[in-house]
Amino acid sequence: MAIVRSRRTSGVVALGRYSALAVGAILFLIPFYLLLRSAFMREQDLGSPDFHWLPPVWETDNLTGLFSNPAIPMARSMLNSAIIAVVQTVGVLFISGLAGYGLARIPYRWSNAVFYGITATLLIPAAVTFVPSFVLVSTLGWISTLRGLIIPGLFQALATFLFRQFFLGFPKEIEEAAFMDGLGWWGTFWRIVVPNSRGFAAAIGTITFIGSWNAFLWPLVIGRDQSSWTVQIALSTFLTAQSVQVSQLFMAALVAIFPLLLMFLFLQRWIVEGVERTGIAGD
Amino acid sequence: MTLSARLRGRQDRNLWFWVFVGPFVIGLVVFVYVPIIWSIYLSFFNSYNTVTPTEFVGFGNYLDMLRDPAFVDSLWTFAVFAVFIVPVTFVASLAIALLVARTRVMQAFFRSVFFLPTACSYVVASLIWKMSIFSGVRSGLANYVLGWFGLDSIPWLSLAQPPWYWLVIVTARLWLQLGFYMILFLAGIQRINPNLYEAAAIDGAEGWKVLRHITLPQLRATSTAVLLLLLINAFQAFDEFYNILSTFGTYPPYARPPLVYLYYTALGSGQDFGHGSAGAVILTLIILIVALGQGRILRLGGRDD
């Protein structure tokens, strides 16, 4: 009797759990759906007083018109965003990967002091230092240049910290065997450690790429000229100006997030694994 | 081993350490340490439109900032924002993580759905929230839903009173960041020793009791980290405020969080780097006090395992 009852209650609990998750999932998907729907609606349907779940007419001109509209420099800003995100991702993986390994493995007298100097900056959020960073970059004459948008973002203390944590957990025996074979630090790192760290590098790379593609405050401050706008700045300019076709603005946003959502769906498992492995939240 | 060989070995290690760590450290010094120190220097000078000022004003800029009602208001705006966004995100992401952790079928699907908005930018979310869900007209989703219950449309964003704009801003950020904290909680839940649950089952504990006496205490470290991250991120809020609230290129005089205030002070028409830097230093100090207060729990760098 008791078993039957507990089975029935656990069935009810499971049903409740799935219902709650289903409602939550629908709520979380609605904004994506609205973006998709609005991107394929005609301007007059978007402006009509009635709410439409489906576009009365599926309008594809928004997409074809987007790249020929001189008011939105869509192609240029997508290209800028792609260059910035790719260079920053590769750069951060290279610079922070090397630094993380050096800090984790190469015995050096001042290693701990260097490490504390790096982690101290983690306590100072980058967004609060945008005024001083702007002052520096403007002194260098890097306003409205890709250099100014890319280079200051190459030195991520958090990525270095996480790489160090990851390499500390790397099996030492393998590296010692490589050392015995006379590979040295450089050879061991590139031939043994890097090929076995692809999953973790994929996690850091994905997070860096998304952060770079979606960055807003720094490109807003540095990208003054239209030629140096990222896709986020282009979208924001026309969102706050409201002088553009709204349906085309939605299409622009859809085009801007589509590559990212696709990449994210394929690479998210590495992020989940990376979080589990290093305990980014720490405990 | 001879002395010279040992010395060379040590020199080799020192050299290789800097080959690996040097590029990062140089960049960090140039692009993080130098700006911060320069900014502290500027904060003691009268520096309109210049980064090489000559007029020393001592703590004048700091006193001006603390006396400026707009700056103090921005701290209040942050406080109100934090009071809503921190507990709501915390409870929602924990609840969803607990639900997702207990599902067998479709677990990956649910996890992906809640995690997906993390890849969306604040600008795009602001666009959807401002022009589609919370547009003040009947065709906005929120007003359409109100219509089901026979309620009048609400102009969500165009009025300062009542402050409906808070609902817009808080829900946008909730949607964007919930998935990330859910993943942190999921990782924490998976690290809990299953023996604890078995022992609880033998003792006859079920449901809420297990949650209260095992799961939540075991998640204490993760919870503390999540709270700190939520607070620091709320302090840095800029994107959604800027994109949702400014129209026709102007930002309303209310609801300016610290970074929005700083953006208009330091980089607006005045280019007032002295006051802007003083403001940045004050904000950094506030964050440091909060972070150091909880830093022991995060234990940055203390884990040489």
Side-chain angles (χ1 to χ4, degrees), chain A residues 17 20-21 24-25 28-29 31 34-35 38 48-51 95-96 98-99 101-103 106-108 114-115 119 121 123-125 127-129 131-133 135-136 139 152 154-155 160 185 210 214 216-217 221 232 235-236 239-241 246 253 257 260-261 264 268 272 275-276 281-283, chain B residues 13-14 16-17 20-21 23-24 27-28 31-32 34-36 38-39 51 96 99 102 110 113-115 119-124 127-128 131-132 138-139 144 175 183-184 187 221-222 225 232 236 238-239 243 246-247 249 259 262 266-267 273 276-277 280 283-284 287-288 291 298-301:
Chain A
R17 191 188 302 137
L21 281 175
F28 262 61
L29 288 174
L34 286 175
L35 175 64
S38 309
S48 86
D50 301 315
F51 179 81
I95 294 169
S96 288
L98 278 178
Y101 186 75
L103 288 165
I106 303 178
Y108 173 60
V114 172
F115 181 64
T119 44
T121 67
L123 295 173
I124 302 167
V128 177
T129 60
V131 174
S133 301
V135 169
L136 175 79
T139 309
L154 289 177
F155 309 99
T160 302
W185 299 112
I210 291 171
N214 288 342
F216 182 67
L217 181 54
V221 167
Q232 308 297 338
L235 288 174
S236 169
L239 172 63
T240 52
V246 179
I257 68 166
L260 221 58
L261 291 185
F264 188 76
Q268 62 157 325
V272 175
V275 170
E276 279 162 10
D283 68 349
Chain B
R13 278 195 315 220
N14 294 355
W16 279 116
F17 180 85
F20 277 82
V21 183
F24 177 75
L28 197 72
F31 290 103
V32 178
V34 167
I36 289 173
W38 196 348
S39 180
V51 292
I96 289 182
L99 288 173
R102 304 266 330 254
F110 283 122
V113 167
F114 291 112
F115 199 22
C120 185
S121 76
Y122 277 81
V123 180
V124 171
L127 167 68
I128 301 168
M131 308 297 269
S132 198
R138 256 287 175 236
S139 61
Y144 170 67
W175 181 71
I183 294 291
L184 293 188
T222 308
I232 289 180
Q236 302 190 74
F238 178 86
D239 301 8
N243 285 295
S246 64
T247 37
L259 285 198
L262 219 54
L267 306 174
F273 295 134
S277 299
L283 295 181
T284 308
I287 291 231
L288 277 179
L298 263 175
R299 274 183 283 162
L300 288 177

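Not measured: the values here are computed from a predicted model.
In terms of heavy atoms, Leu261(A) sits closest to Ala119(B) at CD2-CB, 4.0 Å.
Contact check for Thr121(A) versus Leu28(B): side-chain heavy atoms found under the 4.5 Å cut-off. Contact of the Arg138(B) side chain with the Asp50(A) side chain is not registered, since no non-hydrogen atoms from C-beta on lie closer than 4.5 Å. For the pair Asn214(A)/Tyr122(B), no side-chain contact is recorded, criterion being any heavy-atom separation below 4.5 Å from C-beta on. Between Trp38(B) and Val135(A), the closest side-chain pair of non-hydrogen atoms falls below 4.5 Å. Residues Val21(B) and Leu98(A) have side chains not in contact (no heavy-atom distance under 4.5 Å, counting atoms from C-beta outward). Using a 4.5 Å cut-off on side-chain heavy atoms (C-beta onward), Pro35(B) and Thr129(A) make no contact. Residues Tyr108(A) and Trp16(B) fail the side-chain proximity criterion, which asks for heavy atoms closer than 4.5 Å. Side-chain contact check for Met131(B) versus Leu239(A): some heavy-atom pair is nearer than 4.5 Å.
Contact of Phe17(B) with chain A is made through backbone and side chain together, with heavy-atom distances under 4.5 Å. Of the atoms belonging to Trp175(B), heavy atoms from both backbone and side chain fall under 4.5 Å from chain A. Proximity to chain B (any heavy atom under 4.5 Å) is shown, for Ser236(A), by both the backbone and the side chain. Both the backbone and the side chain of Ile95(A) come within contact range of chain B, each with at least one heavy atom under 4.5 Å from a heavy atom of that chain. Of the atoms belonging to Phe264(A), it is side-chain heavy atoms, and not backbone ones, that fall under 4.5 Å from chain B.
Considering OG of Ser121(B) and CG of Leu260(A), their distance stands at 8.5 Å, rounded to 0.5 Å. Distance check, rounded to the nearest 0.5 Å: OG of Ser133(A) to CD1 of Ile36(B) gives 7.5 Å. Separation of atoms CD (Gln268(A)) and CD1 (Ile183(B)) is listed at 7.0 Å; rounding is to 0.5 Å. Interatomic distance, CZ of Phe24(B) versus CG of Leu103(A), reported as 8.5 Å (0.5 Å rounding). Separating the OG1 atom in Thr240(A) from the CG atom in Leu127(B) is a distance of 11.0 Å, to the nearest 0.5 Å.
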Assess whether side-chain contact (heavy atoms from CB on, under 4.5 Å) is satisfied between Val124(B) and Leu35(A), documenting all intermediate values. CA-CA 9 Å; Val124(B) 171; Leu35(A) 175 64; 4.1 Å; yes
Given Phe115(B) and Val272(A), is the side-chain contact (heavy atoms from CB on, under 4.5 Å) satisfied, shown in steps? CA-CA 10 Å; Phe115(B) 199 22; Val272(A) 175; 4.2 Å; yes
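When Ala253(A), Ser48(A), Ala99(A) are compared by the number of non-hydrogen pairs under 4.5 Å with chain B, Ala99(A) comes out ahead.
Ring geometry for Phe20(B) versus Tyr101(A): interplanar angle of 30 to 60°, hence tilted.
Under the 3.5 Å distance criterion, the side-chain polar atoms of Arg17(A) are matched with a main-chain donor or acceptor of Arg102(B).
With sequence neighbours left out, the side chain to side chain donor-acceptor pair (under 3.5 Å) criterion links Ser132(B) to no other residue.
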